[in-house]
Amino acid sequence: MLEVRDLEVAFGPVAPLSGVSFSLAKGEKLGIVGESGSGKSLTAMSVMGLLPLSGGRITGGSIVFDGQELTTLAESAYRKLRGRRLGLITQNPMTSLDPLQKIGPQVDAVAVLHLSMNASEARTRTVEILGTLRIPEPALICDRYPHQMSGGMKQRIVIAMALAADPDVLVADEPTTALDVTVQAQIIRLLDDLVKERDLALVLITHDMSVVAQTCDKVVVMYAGRAIEYGPVEAIFDAPQHPYTQALINCIPKGLSTDEHLSGISGTVPTVSNYPKGCAFHPRCDRAKNICTSERPAFITYGNNAAACHFAGDDR
Amino acid sequence: MLLRYIFYRSLMLIPVSISISVVIFLIVHLLPGDPIDNLIRVGSSPDDRLALITKYGLDQPLFVQYYRWISAMFQGDFGEAIVLRRPVADLISQNLPYSLTLGGLAFAFSSIVGIILGTISATTRSAIVKQFMRGFILLGSTVPGFWLALLMILFFAVQLQWFPVSGAKGWDSLVLPVLTIGFGGVALVARVTRVALLDVRREDFVTLLHAKGLSMRTILVRHLMPHAMLPVVTILALRIGWILGGAVTVEFVFGRPGLGLLLIRALGQRDYPVVQGCLLMLALAVMLGTLIGDVAQAAMDPRIREEKT
Ligand SMILES: Nc1ncnc2c1ncn2[C@@H]1O[C@H](COP(=O)(O)OP(=O)(O)OP(=O)(O)O)[C@@H](O)[C@H]1O
Ligand code: SF4
Ligand SMILES: [Mg+2]
């Protein structure tokens, strides 16, 4: 359904993202994890074709969706995919709805635009979708304004907008980061159910390795603008190849359900301007050797995983 | 909801108008000189003068005079012009339409043209247009209006003789005064519109609008413009007072009849009732302007509607 190969993104001379690859079929859930600034949102925006909004540009690689190359697609054609076949959910539901408009029309707009419905057909559909998202009294909610609702409710509205035209791919960029812990679990469960019911392909971007473990089929681990490990969730949790992935997994408190995050790894993420030479992780890696400071490790398959580490696959 | 907001917002006008009337009264009466000097003929006796003073109640304590003025006002009686010897209400209703036309046109001119130019400069992709707009906005916000007025009179009225230099005959006599008052407003409104549009374009929800597949045009018209209009409406409401002030001087410069000319003449003659009446009308217009601005904001933004009621 969706295949990303060696994606590379640049903002003028700065290239904060390169070498990201993954593929995703219908009904599959792909997790993208990584610390803040590792390029997760840039990956999401690339897939949605929305990089130009922030002045960015895809400079290499390809994104193939349903047999169609997206990186060279004309904006007018891309617009027919967005909202229709590619849905997006963003991080902060507090700011992701137009505060001046009622909820109803904001959701209706999608069906009016893509399914050529008239206003009342679209509203019927909106009410129906809100109902399936377990929003109480959906007809009344349509007449509310965003500021009259809780964060969790607003995020459901955003999900409703993304689903209104029955997309094939749903890109969820940290859909729960801004929400209360209890609501987080509800939203993740909701997304999980939606993938099953609608046979969606889900890209779930998150900081939280335990969410990936519980929800996803595949995972891309990102560090400093690159994918450093990619594979099926079981394989990666059983035998992580990259030291960074191993550190991430060790950070999940065993058997405890506290919301421990990636901050457990010592050191800080490099920023675009000072990505280290060689393997970007070497200043924080306890297995780093000389070669790590000079040569960038290639992305090579080991068993079911693929990892970018000079010593991946070695027995330790 | 909106009706309730309008009701409460209008209630607030009562204390404001009362304090404004006091201030106007005091300013007018504390000015040096009095209207009687303009009335008495050379050689008349001090007794004549005293009689006149008593006739117009100018011998009473200030608060009594204020009370008389304000209670008459409540019955719609603006009093009688001392020097011009005509009901103030007549004078005002005769001159007001001229000022309203001028002010209204200048207001419409600066808001419509300003919003259009601001939108173009925020959305155009052409570097030349962008540069031109920036230059225009800079020019409009730095060049003083009266200087521009003189230039325009010299060029369009004296040199080219397209428009009359002064007077209020025909529509063409309005062109230069409207341009004079409106020009600074155009630049200001264009700047506010531009900044507001660029600001709102960076908001999260705009990313999601694009993600819905909406076209840039739809997003601009249905979502960005309403947001950009919030600060523009605030500025425009404040601008009403400025435009009326502008009308006062411009009427003087172009010799147009109107509240401004009436006011300046009455001030020279210390014709208290006329000055008070004119100032009160101007203050009222400013208050109504801000009221309309606030109500428009509340009508546009549900968050304001709720906050203030
Ligand atoms: N508009 C931009 N111009 C220049 N650089 C940018 C721009 N947007 C993002 N970047 C760079 O790209 C890098 C990756 O950003 P991205 O938003 O993808 O991170 P992220 O993984 O989503 O982080 P977070 O978890 O905080 O959301 C950042 O380090 C940032 O410096
Ligand atoms: S390449 Fe070297 S520095 Fe990078 S992760 Fe592997 S061992 Fe560590
Ligand atoms: Mg992000």
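Just so it is clear: chains get the letters A, B, ... in the order the sequence lines come, proteins before strands, and each one is counted from 1. Bear in mind the structure is a predicted one, so any value in this text is a computation, not a measurement.
Ion pair A:Arg82/A:Glu75 flagged as a salt bridge, since at least one NZ, NE, NH1 or NH2 atom sits closer than 4.0 Å to an Asp/Glu carboxylate oxygen. A:Asp108 has no carboxylate O lying under 4.0 Å from a charged side-chain N of A:Lys102, or vice versa, which leaves the two without a salt bridge.
Ring-centre distance between A:Tyr78 and A:Phe65: not below the 6.0 Å cut-off.
Most heavy-atom pairs under 4.5 Å with chain A, from the set B:Lys212, B:Arg222, B:Arg201, B:Met300: that is B:Lys212. Contact count versus chain B (heavy atoms, under 4.5 Å) is highest, among A:Leu53, A:Leu100, A:Asn92, for A:Leu100.
Residues of residues 161-168 of chain A lying under 4.5 angstrom from chain B, judged on non-hydrogen atoms, are A:Met161 by number.
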Checklist entry - A:Ile159 and A:Leu190: side-chain contact (heavy atoms from CB on, under 4.5 Å), yes or no, with the steps? => result CA-CA 10 Å; A:Ile159 295 174; A:Leu190 185 63; 4.2 Å; yes

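For B:Thr218, no part lies near chain A; criterion is any non-hydrogen pair under 4.5 Å. For A:Leu113, the part sitting under 4.5 Å from any heavy atom of chain B is the side chain, from C-beta outward, and nothing else. With a 4.5 angstrom heavy-atom cutoff, A:Gln101 touches chain B only via side-chain atoms. For B:Leu230, the part lying under 4.5 angstrom from a heavy atom of chain A is the side chain only. With a 4.5 Å cut-off on non-hydrogen atoms, A:Val158 touches chain B through its side chain but not through its backbone. Looking at A:Met45, the atoms closer than 4.5 Å to chain B (heavy atoms on both sides) all sit in the side chain, from C-beta outward. Only the backbone of A:Leu86 has a heavy atom closer than 4.5 Å to any heavy atom of chain B. Only the backbone of A:Leu97 comes within contact range of chain B, with at least one heavy atom under 4.5 Å from a heavy atom of that chain.
The 12-atom threshold is not exceeded at CD1 of B:Ile128, counting heavy atoms of other residues, nucleotides or ligands nearer than 6.0 Å. Around the OH atom of A:Tyr145, the shell of radius 6.0 Å holds more than 12 heavy atoms that belong to other residues, nucleotides or ligands. Residue A:Lys80 qualifies as open at atom NZ: its count of foreign heavy atoms under 6.0 Å is 12 or below.
A donor and an acceptor atom, one from each side chain of A:Ser120 and A:Asn118, are located under 3.5 Å apart. Using a 3.5 Å distance cut-off with no hydrogens or angles, the side chains of A:Thr95 and B:Glu203 do not pair a donor with an acceptor.
Across all their heavy atoms, A:Ile205 and A:Pro175 have their closest contact at O-CD, 3.7 Å.
Residues meeting the ring pair (Phe, Tyr, Trp, His ring centres under 6.0 Å) test with B:His227, sequence neighbours left out: B:Phe205.
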